[in-house]
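Below, chains carry the letters A, B, ... as their sequence lines are ordered, and counting in each starts from 1. Basis for what follows: all heavy atoms, side chains included, without hydrogens, waters or symmetry-related copies.
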There are 2 protein chains.
Amino acid sequence: MFNPLIQKLEGFVELSDADRDALHRLASVARDVPARTNLVREGEPPSDIIFITEGIGCRFKQRANGARQITAYLVPGDTCDLDIALLNRLDHTIATLSPCKVARVSATTLREITENHPAIARAMRISALIDEATLREWLVNIGCRSALERIAHLFCEFLVRLRAVGLATEDSCDLPMTQHELADTTGMTTVHVNRSLQELRRRGLIELKGKNLKVLDWPRLRSLAEFKAGYLRVDGQTMF
Amino acid sequence: MFNPLIQKLEGFVELSDADRDALHRLASVARDVPARTNLVREGEPPSDIIFITEGIGCRFKQRANGARQITAYLVPGDTCDLDIALLNRLDHTIATLSPCKVARVSATTLREITENHPAIARAMRISALIDEATLREWLVNIGCRSALERIAHLFCEFLVRLRAVGLATEDSCDLPMTQHELADTTGMTTVHVNRSLQELRRRGLIELKGKNLKVLDWPRLRSLAEFKAGYLRVDGQTMF
DNA sequence: CGCAATCTTGAGAATGCTCAAAAGTGGTGG
DNA sequence: CCACCACTTTTGAGCATTCTCAAGATTGCG
């Protein structure tokens, strides 16, 4: 029985059978949610804690003029902030990008679990630190890298994250987001994302067929992006 | 006896006299650190928890080509990640921008304090959530806003944060960073920061004399930046 | 007072944007 | 099963914002 949450947390700490059971029970309440659906909305009081067990989600903020900035991708095994209940209002929206399975758990239930399973609590704290490090890396991406480098970096990171939960082969994975969504992620326009993708293909670095991304030349893609997986804390972070 | 850490945390929770005492003891070990000094370096194993009690610091990451991205400013009352001890390596450097007073505390000492003072623990969790929300807002800033808007937003945020710890008047504060550092913060070049500052002055929005920033027209600066202070969770977030 | 860092200015160039339209894709209802 | 429609991807051309390089002015510190 595949459970990305368990697979992810086991990358950080040792889990007991009881821990794994608890996580299985968490994931068992997951429900199907269609693509492009808001899960929690900016400005609302925080409700439940959310876990994604299947599909890709994102966090985003929107400006009055409609401009949108995606601030994170959520892959299976990811959660929203655990401490979310400490806030009165959320500062951003969480939505699905592809069809997802989403588990919602009350803050109380989660507190019970973390109190009874310190290993889980510890792993989730580590996971939160990684999310924050990823956010910093995205800021570096938009602040310091060229268009081509940004896309390359995003793809490197996405592939490594999916590999960590067993949802990618060594060189390829699903890439459900549209070019428009990639644009909202990287602070570029759709047109320029399209041209950058073509350039990556022309250089023989990647192949994009439908919603599938295949990395053809990992060393060169990695080096173009100046991608160092350390901040993701996954095993084999220096792999390839 | 002025203590920005206490002032900040009291914005989030009620503190008892014992809580305040503990925080006073924390701040009492603060030592002087000159401007432009690294406090903890990227790639090193995490050492102590750091508190800034005076002066302005920053977090940054650097690319191989020397390009630097500042990912956060630290103002008095701010700390580095509390959970830092859970990591093997830091993903970014923390440094002073102006001369600072910095307190270093071992993870053990801090754990003792948070265990004996739940209100402090809670306030620090809230503080960490705000730091993360601020990071998201910076991503929006660089990803979605024009050069002029970015600087305007940065100034709005900086002034509100300093006001929250009593280090700014209603319309002005110290601004110790150079234009080069503002450039590293906003993903622009020094030259363009300079021209944007001139434009803000030309429009009568701000006044910059030496290291002092004075906002001349808060409503228009705020509206240009589309600044909404909600994510900072300070009292009077709707002020002006 | 002098040096180094910071700020300012100018001019040309490049990266990425805007607008517009065409081509391709997928899903849905008749 | 086909036709249609909406969405996504692709292409072109002109343009704006921002960058690069270079040099001069100003400031502050030792």
Report the nucleotide, chosen from [options], that has the shortest atom-to-atom distance to any side-chain atom of [X].
X: His192(A); options: dT8(C), dC17(C), dT9(D); value: dC17(C)
X: Met188(B); options: dT10(D), dC7(C), dC19(D); value: dC19(D)
X: Val191(B); options: dT8(D), dT20(D), dT6(C); value: dT20(D)
X: Thr178(A); options: dT9(D), dA13(D), dA11(C); value: dT9(D)
X: Asn194(A); options: dT9(D), dG12(D), dT8(C); value: dT9(D)

>> Against the six-membered ring of Phe60(A), is Arg68(A) placed for a cation-pi contact (under 6.0 Å from the centre, within 45° of the normal)?
In response: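 Yes.
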> Taking the six-membered ring of Trp218(A), is NZ or CZ of Arg163(A) closer than 6.0 Å to its centre and within 45° of its axis?
Replying inline: yes
Let me know the distance between [atom1] of [X] and [atom2] of [N], rounded to the nearest Å.
X: Ile151(A); N: dT9(D); atom1: CD1; atom2: C1'; answer: 14 Å
X: Arg36(A); N: dA6(D); atom1: CZ; atom2: P; answer: 18 Å
X: Leu197(A); N: dG24(C); atom1: CG; atom2: P; answer: 18 Å
X: Gln179(B); N: dC7(C); atom1: CD; atom2: C1'; answer: 5 Å
X: Leu208(A); N: dT9(D); atom1: CG; atom2: C1'; answer: 11 Å
X: Arg195(A); N: dC17(C); atom1: CZ; atom2: C1'; answer: 10 Å

> Between Arg145(B) and Thr190(A), which has a closest nucleotide on DNA chain D that is more 5'?
Replying inline: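 The answer here is Thr190(A).
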> Does Lys211(A) make a side-chain N or O approach to OP1 or OP2 of dT9(D) shorter than 4.0 Å?
Replying inline: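 It does, given that an N or O in the side chain of Lys211(A) lies less than 4.0 Å from OP1 or OP2 of dT9(D).
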> Is the phosphate of dT11(D), meaning OP1 or OP2, less than 4.0 Å from a side-chain N or O of Gln198(A)?
Replying inline: yes
> If you measure only the distance, is there a donor-acceptor pair under 3.5 Å linking the side chains of Thr71(B) and Lys61(B)?
Replying inline: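 The answer is no; no qualifying pair exists.
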>> So does Ile50(B) get a backbone contact from the side chain of Arg104(B), meaning a donor-acceptor N/O pair under 3.5 Å?
In response: no
>> Applying the side-chain hydrogen bond (donor to acceptor under 3.5 Å, both in side chains) criterion to Lys101(B), which one of Thr96(B), Thr53(B), Asp32(B) satisfies it?
In response: Asp32(B)
> When we call it a touch if two heavy atoms are under 4.0 Å apart, what does Ser146(B) touch: a base, just sugar-phosphate, or nothing?
Replying inline: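 Touches sugar-phosphate only.
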>> Need one value for Arg201(A): base, sugar-phosphate or nothing, where a base atom within 4.0 Å counts as base even if backbone is also close, heavy atoms only.
In response: sugar-phosphate
